[in-house]
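To start, the structure itself, in structure tokens.
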Protein chains: 2
Amino acid sequence: MTDLPRTRRTLSAGVGNSNDQTRRHNLSTILTMLHHDGAQTRARLTRLAGLNRSTIGALVAELVDLDLAYETEPAESGLVGRPSPVVHPNERIAAITINPDVDAITVGVVGLGGVLHRSIRSPTDAVPTVQQSVDVASGLVRGLQAELDAGFRVVGVGIAVPGLVNSRDGVVTLAPHLGWRDADVVTPFAAALGRPVTVANDATLATVAESLFGAGRGVHDLVYLNGSASGIGGGVLAGGSMLRGAQGYSAELGHTLVNSAGIRCHCGKTGCLETEVNLGRLQAVLGHSGAGLDELDALIAAVPDARQEIDRQLDVLALAIGNFVSIFDPESIILGGFLGSLYEANPARLRASVDALSFTGQAQPVRLERAQLRSRLLTIGAAELVLAGLLDDPAGTAF
Amino acid sequence: MTDLPRTRRTLSAGVGNSNDQTRRHNLSTILTMLHHDGAQTRARLTRLAGLNRSTIGALVAELVDLDLAYETEPAESGLVGRPSPVVHPNERIAAITINPDVDAITVGVVGLGGVLHRSIRSPTDAVPTVQQSVDVASGLVRGLQAELDAGFRVVGVGIAVPGLVNSRDGVVTLAPHLGWRDADVVTPFAAALGRPVTVANDATLATVAESLFGAGRGVHDLVYLNGSASGIGGGVLAGGSMLRGAQGYSAELGHTLVNSAGIRCHCGKTGCLETEVNLGRLQAVLGHSGAGLDELDALIAAVPDARQEIDRQLDVLALAIGNFVSIFDPESIILGGFLGSLYEANPARLRASVDALSFTGQAQPVRLERAQLRSRLLTIGAAELVLAGLLDDPAGTAF
DNA sequence: CGCGATATGTTTCTCGAACGAACAGAGGAT
DNA sequence: ATCCTCTGTTCGTTCGAGAAACATATCGCG
């Protein structure tokens, strides 16, 4: 995950490991397991981590001490031997998430373990500026303040922005649909909310979320493709870690070539995936230009005449997926947004087209799946951005 | 040092860190620095690793004890303070490398530090089978045996194969130009040579080599593209680690779409990069069908009429690079084989075409570079395959 | 119901890795 | 010649993990 510029514990930029770092690594490992895989018995943690049970005892005790985890009575296991207490991630350790979009701003509260505590969507009259987003979001957070004070420990704020984001600087280089360009978002949000703020690209965060809590659980190599009104974004998990790129702009998968005789894309290139596979063109044949993504499945089922356009888009999508398979050799391709609806409309066709184009995948054909998290996607992804800092160094983030 | 029963250091598949692993990690870090960046003073190692100087002293002593490094008198530095001894990687710790190809089998000996000690190319009458490759290679190794016994410690054997390789099983799934299919290569080579053998895809190893010892030094995100008579292969370094894929078949970059109206590729798809950018078509306009890669630069300079075809291929190459930039956001694109010659023939054209197609790259345009290692490429890459095991656990690999 | 087998928590001791402080050595600077 | 600075060396300290012995809770069985 992102390296949060957390000003504490300088860590000396060295690559060597001291003893402190062993402890840190092990605390991080345990807490990460609890967060991603849910509550576990201490005995199971011992096996998973491969450490001595007295060590696990000490590690769990430290996490409990830090209020990051708690233990409950052993569950009825029916097995012989002394029952092992269940260790839970403390779901009241939370991240605030913000997702500014063209028509609304969504604020959420997500706890350790990926628990979605709250999610509030506030529609906007027009496409919001950065300042308007700050105002709306901080208003929503103020409304939650009493609740948060009552029982949560907020670790930080994560923002998912639909556009190119330089996470390190907290600057949105270009978010075409929001009209943001070279906009420092971290500073104003941090000023308004008084908490550490981190930003990242929405598709990247969606990929993280699906890989940890959705269709990509346990998969180490996957390509996530998301189709929205604003185009096609994506993210890639390669060997268990997110593809970032030198400047953090990787995985602009909607801007890869699928048709050299195609039309010019707003990005300047020709025949990009998102000019051919496109919500607008789908809505046109469905006769509903303003249909939301939620209604899309039903709408597709109701308009049989749309089949031809759907199949055309699926065939083009297969071309792109064929490329991604050659490039990444992923275990799974996960389709979100309207691409999920498209896939569901005719899974066999996409399957067949992709198989016909996969020459490396013969041994073990790539899995095609629809994304699972739907509306929770970005909220959970943005929370991961914040919680990753805590997971990385559970004892270091003092409050 | 401790003469523990070096049975294997079970490592228990756990993700937790014990103290042993701290030591292992630090030894690995130091030795890796020496191998990749060359000899260093102890004081410099201390700064780079961020460890205490007494710790570095102990680590270096252990490496010297293991005969993996040696120290020499301090060099004239002209600086104040006590001079620091220079620590060298022991270049007589070596890997044997084997590179079977359609017309020859090359065997090499490479030492720590990336030193190429020997390289012998043995042309073959026909495309070699696995067994013929084993015979030729073990013959060549036997010829070197006396020399090796005299002063080298051979860690293992690394094989670079032009095709899809499952490194884990040591099986070549498909090497079209060699005609190998589902061939277990590790077993016969290991039997003939009596040493541990590892196999990997040649383009992957070339990428490793260029990134460590060639044009990609110090770069963490790069795409390497290699053009040979058999097509275009590639490798990707993302965030400092090689892209592998779920089955190890990633980075088949020659089989990505560049022309939807193109011709059918042997892989079954249409309009692949390697059907358009192609040594055969280049040689056709140069009037030399059998020209080797070494003569290509001179030949291109001598045949001005070839310019049109060169520019066409460069433009197509730019399309593919534009895709790779959108997908990976690399810092650098490195061109090897005939793609290097192509680039050198008209660098400005490729530069301009790529810039016109790079929408994410605006901030910091991607670097375009020709590969540097040339004929040493695969030998050094294959050695890295073997040495990586030693670097990973310097004290664990007993002999 | 009591006993053994089994698995796991708990306590205590030991080992090992890195660190820090104090000292020693080797060069440059004055 | 003397001081300053940097680094190697030695030794005691700290801290994290492991191992062994013991304690505890459950199952299975007679």
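Every chain is numbered from 1 and lettered A, B, ... according to where its sequence line falls, protein lines coming before strand lines. Values below: every heavy atom of this structure, side chains too, minus hydrogens, waters and symmetry copies.
Taking 4.5 Å as the limit, every side-chain heavy atom of Leu193(B) sits out of range of all side-chain heavy atoms of Ile96(B). The shortest side-chain heavy-atom distance between Val186(B) and Ile159(B) does not fall under the 4.5 Å cut-off. Contact check for Asn90(B) versus Asp67(B): side-chain heavy atoms found under the 4.5 Å cut-off. Looking at Arg367(A) and Val219(A), their side chains come closer than 4.5 Å, going by heavy atoms from C-beta outward.
With sequence neighbours left out, the ring-ring contact (aromatic ring centres under 6.0 Å, His included) criterion links His220(A) to no other residue. For Arg118(B), the side chain to side chain contact (heavy atoms under 4.5 Å, CB included) partners at least two apart in sequence or on another chain are Val109(B), Ile120(B), Leu144(B), Glu147(B).
The shortest distance between the side-chain N/O atoms of Asn26(B) and the OP1/OP2 oxygens of dA17(C) is not below 4.0 Å. Taking only side-chain nitrogens and oxygens, Arg47(B) comes nearer than 4.0 Å to OP1 or OP2 of dT7(D).
Of the candidates dT9(D), dA17(D), dA18(C), the closest approach to any side-chain atom of Thr55(B) belongs to dA18(C). Nearest to the side chain of Arg42(B), among dA21(D), dG8(D), dC19(C), sits dG8(D). Closest approach to the Ser84(B) side chain among dG20(C), dG8(D), dA17(D) is made by dG8(D) (side chain taken as heavy atoms from C-beta onward).
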What nitrogen or oxygen pairs link the protein and nucleotides 24-30 of chain D at under 3.5 Å?
from    : atom 1 : to       : atom 2 : distance (Å)
dT24(D) : O4'    : Arg82(A) : NH1    : 3.3
dA25(D) : N3     : Arg82(A) : N      : 3.2
dT26(D) : O2     : Gly81(A) : N      : 3.2

Under 3.5 Å, which protein N or O atoms sit close to an N or O of nucleotides 11-13 of chain D? Give each pair with its distance.
none

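In this entry the distance linking CG of Leu51(A) with C1' of dT8(C) reads 16 Å, nearest Å. Summarising the geometry, the separation between CD on Gln21(A) and C1' on dA17(C) is reported as 13 Å, rounded to the nearest angstrom. Distance Glu73(B) CD to dG25(C) P: 16 Å, rounded to the nearest Å. Rounding to whole angstrom units, CG of residue Leu45(A) and P of dT8(C) are separated by 12 Å. Arg53(A) has its CZ atom 11 Å from the P atom of dA7(C), to the nearest Å. Rounded to whole Å, atom P of dG16(C) lies 20 Å from atom CG of Asp20(A). Atom-to-atom, CZ of Arg44(A) to P of dT8(C) comes out at 12 Å; the value is rounded to the nearest Å. Atom pair Asn52(B):CG and dC15(D):C1' shows a separation of 15 Å (rounding to whole Å applied).
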Next on the checklist: Between Arg44(A) and Leu48(A), is the side chain to side chain contact (heavy atoms under 4.5 Å, CB included) condition met? List the steps.
Outcome noted: CA-CA 6 Å; Arg44(A) 204 172 130 72; Leu48(A) 290 174; 4.0 Å; yes

Checklist entry - When you look at Leu63(A) and Glu71(A), which way does the side chain to side chain contact (heavy atoms under 4.5 Å, CB included) test go after all the steps? => result CA-CA 10 Å; Leu63(A) 289 177; Glu71(A) 289 187 293; over 6 Å; no

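Nucleic acid contact class of Arg23(A) (heavy atoms, under 4.0 Å, all strands): sugar-phosphate only.
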List the atom pairs, donor and acceptor, that lie under 3.5 Å between side-chain atoms in residues 49-58 of chain A and the rest of the protein, sequence neighbours left out.
from     : atom 1 : to       : atom 2 : distance (Å)
Asn52(A) : OD1    : Ser54(A) : N      : 2.8
Asn52(A) : OD1    : Ser54(A) : OG     : 2.6

Can I get a per-line list of side-chain donor-acceptor pairs under 3.5 Å for residues 80-89 of chain B, giving both atom names and the distance, sequence neighbours left out?
from     : atom 1 : to       : atom 2 : distance (Å)
Ser84(B) : OG     : Arg42(B) : N      : 3.3
Ser84(B) : OG     : Ala43(B) : N      : 2.9
His88(B) : NE2    : Thr72(B) : OG1    : 2.8

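When each of Ala43(B) and Ala58(A) is assigned the nucleotide of DNA chain D with its nearest heavy atom, Ala43(B) is the one assigned upstream, toward the 5' end.
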